[in-house]
Each structure stands twice: as structure tokens, then as C-alpha cells.
Amino acid sequence: MSGSETYRKIFRTIRRIPKGKVATYGQIARVAGFPNQARLVGYALHALRGDRDETVPWWRVINARGESSLGSEDDAALQRGLLKKEGVRFDKKKRTDLKKFGWKK
DNA sequence: CAACTGACTGCCG
DNA sequence: CCGGCAGCCAGTT
């Protein structure tokens, strides 16, 4: 179990991301109250993989480069698919424009 | 208890 | 634009 208070704040923040927008790990961390701890966000989401009960839009969280940071290209493709369904576009390098689709808090 | 590891990031060259 | 590197944290071994 990873029901720590820290993770809850992170999940709560991720749920605020509006549909059709994406946020970076670092941004989530900052908004949740943990500046410079992007990795912590990555951890929280990684733990989420086993807990499907948590309704968190994990696919709206990407790295600072604007691309999916998932290990396998397979999962990355799935994430892009979910985002594309919400209107987020990716270029041929599989990157998205954070200036345009980035979540403006 | 120390060493590893990983859904990250900013800085350098 | 891209690879390399150190800082950061929590959960595992």
C-alpha cells in the first residue's frame, strides 16, 4: 500500500488537470507543494499501475520534453492515444506543444 | 542500515 | 537539438 499523504496530494492535483490539457511531472509537484520533486510524482503514478481503483487521469501527465515518459513504447502509444482522443496533438517525434496544450494553472 | 532503482529536471557542451 | 551528469525521494533488496 502506498496511501501516504504525499501521494494523495499529488493525485489530488493530477485530478485538477482539465480535459484536453497536459501537465509535466515537475509542474504537478510544484502545484502539489513539492517543488523540485518531479520524481516523486513519477513514483506516485508508477505505484498507481497496480491500483486501478484510483481514478486518476495519469495519461495527462508527461515529462518536461512534452513526450510520454513511460518505459515501453507500447504504453507510450496508449497514452498518446488517450490524449489524442481529448484533442492533444503530437508531432512526428511524438512530442506535444506544452505552450499550447500545457495546463495553465 | 547501506546500496539500488526509477512514469524526472535543469544545466552544460 | 541531443547526450551526459548530478540532485532528489521513497520503496526494495
Side-chain angles (χ1 to χ4, degrees):
Chain A
M1 288 275 261
S2 1
S4 69
E5 190 57 36
T6 302
Y7 280 14
R8 299 219 169 172
K9 283 190 176 181
I10 291 173
F11 291 145
R12 201 177 306 149
T13 302
I14 294 176
R15 289 201 188 83
R16 291 202 211 130
I17 306 173
K19 181 183 176 185
K21 296 288 181 180
V22 295
T24 67
Y25 292 88
Q27 180 175 21
I28 295 299
R30 181 160 45 77
V31 177
F34 305 97
N36 306 323
Q37 293 184 190
R39 235 169 180 174
L40 195 53
V41 177
Y43 253 137
L45 288 173
H46 183 233
L48 200 62
R49 282 200 122 210
D51 278 322
R52 301 273 169 115
D53 293 323
E54 290 282 358
T55 46
V56 179
W58 57 268
W59 58 90
R60 295 185 189 146
V61 185
I62 59 181
N63 63 30
R65 294 176 183 173
E67 50 188 16
S68 170
S69 196
L70 300 187
S72 69
E73 174 53 38
D74 218 35
D75 290 332
L78 170 63
Q79 178 168 32
R80 286 198 300 278
L82 290 167
L83 287 174
K84 188 174 182 179
K85 207 188 294 185
E86 299 186 343
V88 179
R89 293 193 180 188
F90 288 83
D91 59 19
K92 292 180 180 177
K93 288 174 188 169
K94 294 161 185 174
R95 290 185 187 173
T96 189
D97 186 357
L98 290 174
K99 293 289 183 183
K100 186 167 185 174
F101 300 107
W103 175 38
K104 288 118 188 168
K105 175 168 55 70

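First the proteins, then the strands, lettered A, B, ... as listed; each starts at 1.
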Which part of the nucleic acid, if any, lies within reach of A/Thr6 when heavy atoms closer than 4.0 Å are counted: base, sugar-phosphate only, or nothing? nothing

Can you find an N or O donor on one side and an acceptor on the other, under 3.5 Å apart, linking the side chain of A/Arg39 with the base of C/dC8? yes

Rounding to a whole Å, what distance do you find between A/Trp58:CH2 and B/dC8:P? 14 Å

Check: A/Val61 and A/Gln27 side chains under 4.5 Å, non-hydrogen atoms: no

From CG of A/Leu82 over to C1' of B/dA7, roughly how many Å is that when rounded to an integer? 15 Å

Are any of the side-chain heavy atoms of A/Leu40 and A/Tyr7 separated by less than 4.5 Å? yes

note: A/Tyr25, atom OH; C/dG7, atom P; distance rounded to Å ~ 23 Å

Exactly one of A/Arg60, A/Lys19, A/Lys21 clears side-chain hydrogen bond (donor to acceptor under 3.5 Å, both in side chains) with A/Glu86, and that residue is A/Arg60

How many Å lie between CD on A/Gln27 and P on B/dA7, as a whole number? 21 Å

Is any side-chain heavy atom of A/Leu83 closer than 4.5 Å to a side-chain heavy atom of A/Phe90? yes

Without decimals, in angstroms, what is the distance between A/Asn63 CG and B/dG10 P? 10 Å

A/Glu67 atom CD is separated from C/dC1 atom P, nearest whole Å, by 12 Å

Whole angstrom value for the distance that separates C1' of B/dA7 from CG of A/Leu48: 11 Å

Of all the choices, B/dC8, B/dG10, C/dA10, which nucleotide is nearest to the side chain of A/Ala38 once you look at every atom? B/dC8

Heavy atoms, side chains only, cut-off 4.5 Å: are A/Pro57 and A/Ile14 in contact? yes

Starting at the 5' end of DNA chain B, write a dot or bracket for each base, bracketing those in Watson-Crick or G-U wobble pairs whose two distances are under 3.5 Å and using | for partners on another strand. .|||||.||||||

Mind calculating the distance between CD (A/Glu5) and P (C/dA10) to the nearest angstrom? 14 Å

Looking for any heavy atom pair under 4.0 Å, which part of the strands does A/Arg95 touch: base, sugar-phosphate only, or nothing? sugar-phosphate

Candidate pair A/Val56 and A/Ile10, rule side-chain contact (heavy atoms from CB on, under 4.5 Å), full reasoning: CA-CA 10 Å; A/Val56 179; A/Ile10 291 173; over 6 Å; no

Taking any heavy-atom pair under 4.0 Å as a contact, classify A/Leu45: base, sugar-phosphate, or nothing. base

With a 4.5 Å limit on heavy-atom distance, are the side chains of A/Val41 and A/Phe34 in contact? no

